[in-house]
2 protein chains.
Amino acid sequence: MSLVKKTPTIQDVARFANVSTATVSRALSSPERVSEQTRARISEAVRVTGYTPNQSARSLRQKTARTILVALPDIGNPFFSVILDAVEREAAARGYGVLVANRFSGGDSGVRMRDYFMSNRVDGLLLFDGSVDLEQLMMLTGEPTPFPLIVVCEEIPNAPFHTVKTDNSYAAEQATRHLIELGHRRIGHIRGPDGNVLTGEREAGFRRAMQAAGLEARPEWMLPGAFDMDSGVVAAQHFVRLEARPTAIFAANDESAIGFISGLRQHGLDCPGDVSVVGFDDLALAAHVWPPLTTMRQPRAALGRIAAGALIDVIEGERHSRVPMHMVLSSELIVRGSTARPPALVAPLATPPALAAR
Amino acid sequence: MSLVKKTPTIQDVARFANVSTATVSRALSSPERVSEQTRARISEAVRVTGYTPNQSARSLRQKTARTILVALPDIGNPFFSVILDAVEREAAARGYGVLVANRFSGGDSGVRMRDYFMSNRVDGLLLFDGSVDLEQLMMLTGEPTPFPLIVVCEEIPNAPFHTVKTDNSYAAEQATRHLIELGHRRIGHIRGPDGNVLTGEREAGFRRAMQAAGLEARPEWMLPGAFDMDSGVVAAQHFVRLEARPTAIFAANDESAIGFISGLRQHGLDCPGDVSVVGFDDLALAAHVWPPLTTMRQPRAALGRIAAGALIDVIEGERHSRVPMHMVLSSELIVRGSTARPPALVAPLATPPALAAR
DNA sequence: GAAATCTCTGCAATCGATTGCATGAGTTTC
DNA sequence: GAAACTCATGCAATCGATTGCAGAGATTTC
């Protein structure tokens, strides 16, 4: 009769089934504690009334939100969105909702994070942001981490957090070694954004491979970048202005590699004819750009799945280890068309003077 | 002294400031109703105790979650992830959290949606999934939509929902007209997945443009697709086997266009030399693939922002119009390198027989 | 056959914030 | 100077589900 029919509560179900709310609650959460008859009556009552438990009330009582917070630097970036996809699926499979916080780095990120937790909206945090201020975070979390947290894609030495990451530094080393094995000696690097942990690890791997081969990582060949296509285009502009150019570039991620190749083309240079390029991540499009990109495949889906699973384990107390866990997943070199032998080796007798080392 | 220090509640603040919890609550939500002195004492108490309101308790009392649910077919798809980015920002700016539900289409989607709402976890829904069963949804929602809902990217004629969309059909017409204006007469189309509303609208626009120009949309030139790169590659395989090939293709989205171009190349065909290709969406990478893709730019960020804003308006009762609103944003043709005049027109006298129409 | 145990169910407190109503002090009005 | 009003605050009910405790009846144990 009323204009707005209220959503049914556990009271309505109890009344309909002629039992107390306590019994209804038990019938739904631990059916074995309720007699078969009663259980059947309650099921029927639930069906008829169309009852769904009120999550707010449940959260309030149980101090549990069945929700995790995923903090990302940029959802629009396909690298993260694929991971988010996997996270969402794992969480959904275990009955958790996923709340996303985008552009989490920046001044108030620590405060916002703290608010999310203290407000009991989420039970745990998956932190993907390499630029977030972890010092600040640690201060907020206090000594023994008071809330379940897993840092993904980053590793802060000695930080009391669980982490899941890929073997960035080793993978960068592999990528660089691939170029060296092709015969390249003059190799440059497009860096990631300053202050990002990944930037450091990938650069370190690059330097290690160079050093191991007795090659020099020239400062002017370390081009600035920012993990996006535009910065790759800009890097290409720097590149063509170099007096002595490298014959190969290891880019810190696929997007900057693709931007770089596109920029090369604008200046009449060919990849891999003039310059070999290796990327990092293996985005879906890496196989479809021209030339198809040689890159290190990061196990992104696995990363998301494992991180989400581990976080929920922590939340549910199945991993109560005081000592932080560090999980490392390994990457894989995918050789495609963007890398080849250096020009000098292809036609050693015809090396044009312009390309010869000064 | 205790091992685990409890999170402070409004009681703690009240005790510290020597007032009732009612006053604390009012000081925080409507400060003008509390005297300046008291307000200062309360602020101090909040600061000292480190109090943050418990969202579950607030939700329970106010029947409001300050959270919206975003249902997407595929977060991993950059098309959606950019929109999600905009949605998240708009929502955050207005104090709402964003819960994501991925792969929402499929058997239980209606039920899952209903559960989300009835459980009071979310206040409204942004539905992006063209494949979700809207009939089922309508049944669940009942006559006057009982929960705030905005359907994005889709339009169901006569459905009692607010919608935000781009002018798909008109944009497809424009894209096709661009090919016609370049001189193409034999034009094919890579379709989207069956059952998706967008597929139908884009195909309709294509047919309208063809008809208006007096051209035939041949059945064997309507290639199946699925909005992803792989289906574009497959479409290219179909394409090369055609007896009489089109000189231009309008692909239903950028990903299938890029996959198609990549597939062409594997068969030794050049774009735009042999075939011009127009995409749809203007993904970030469209400008960076080779050749740079001519495409219809969809105002994705605006779409997300406007949809989220409208949804929150509805939630907060600022738009109580019974009659559903339909907002349409317009797309823009971005001409790049993947379209050119047809081969026959470039060198009309030298048309190789193989390329001539049979 | 009394005691102990087990099974099923209900009572009522509890989670933490919000809000309608009431109250008392201070202020304005005529 | 009494009535009417305003302002700041407190009291206590309320939102809806969960759960410790207790009791009634049935069953097992010795």
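Keep in mind that this is a model prediction, so the values were computed, not measured. Reckoned from all heavy atoms, side chains included, excluding hydrogens, waters and symmetry mates. In what follows, chains carry the letters A, B, and so on, assigned in the order in which the sequence lines appear, proteins first and then strands, with residues in each chain numbered from 1.
The main-chain N or O of I150(B) is never found under 3.5 Å from a side-chain atom of H162(B) such that the two would form a donor-acceptor pair. A distance-only check finds a donor-acceptor pair linking the side chain of R66(B) to the backbone of R94(B) [under 3.5 Å].
Pairing each heavy atom of L84(A) with each of V70(A), the nearest pair is CD1-CG1, 4.1 Å. Heavy-atom minimum distance, P8(B) versus M118(A): CD-CE, 3.9 Å. The two residues E88(A) and A101(B) make their nearest non-hydrogen contact at OE2-CA, 3.4 Å. Considering all non-hydrogen atoms of both residues, L149(B) and L311(B) come closest at N-CD1, 4.0 Å.
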Begin with the C-alpha distance, continue with both residues' side-chain angles, and end with the deciding distance and a verdict on side-chain contact (heavy atoms from CB on, under 4.5 Å) for I315(A) and Y96(A).
-> CA-CA 11 Å; I315(A) 290 170; Y96(A) 280 70; 3.6 Å; yes
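Under the side-chain hydrogen bond (donor to acceptor under 3.5 Å, both in side chains) criterion, R305(A) pairs with no residue, sequence neighbours left out. Considering only residues two or more places apart in sequence or on other chains, T9(A) meets the side-chain hydrogen bond (donor to acceptor under 3.5 Å, both in side chains) condition with none of them. Listed by chain and residue number, D85(B) satisfy the salt bridge (charged side-chain N to carboxylate O under 4.0 Å, His left out) test with R89(B) (two or more places apart in sequence, or in another chain). Partners of D123(B) by salt bridge (charged side-chain N to carboxylate O under 4.0 Å, His left out), not counting sequence neighbours: none found. N77(B) pairs by the side-chain hydrogen bond (donor to acceptor under 3.5 Å, both in side chains) definition with nothing, not counting sequence neighbours.
In the helix from dG1(C)-dC30(D) to dC30(C)-dG1(D), the end axes, each obtained as the rotation axis mapping the C1' atoms of four pairs onto the next four within a five-pair block, lie 30° apart to the nearest 10 degrees.
Of the residues in residues 11-33 of chain A, those placing a heavy atom less than 4.0 Å from an atom of DNA chain D are T21(A), A22(A), S25(A), R26(A), in numerical order. Contact check of residues 36-43 of chain B against DNA chain D (heavy atom, cut-off under 4.0 Å) returns T38(B).
Bracketed by its first and final contacts, the part of DNA chain C lying under 4.0 Å from non-hydrogen atoms of chain A reaches from dC8(C) to dG16(C) in 5' to 3' order.
For residues 51-62 of chain B, no pair satisfies side-chain hydrogen bond (donor to acceptor under 3.5 Å, both in side chains), with sequence neighbours left out. Listed by first and then second residue, the side-chain hydrogen bond (donor to acceptor under 3.5 Å, both in side chains) pairs involving residues 17-38 of chain A are S20(A)-T23(A), S35(A)-T38(A) (not counting sequence neighbours).
Taking the side chain as every heavy atom from C-beta outward, L125(A) and Y116(A) never approach each other to under 4.5 Å.
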Would you tabulate the nitrogen or oxygen pairs shorter than 3.5 Å linking the protein to nucleotides 23-26 of chain D?
none

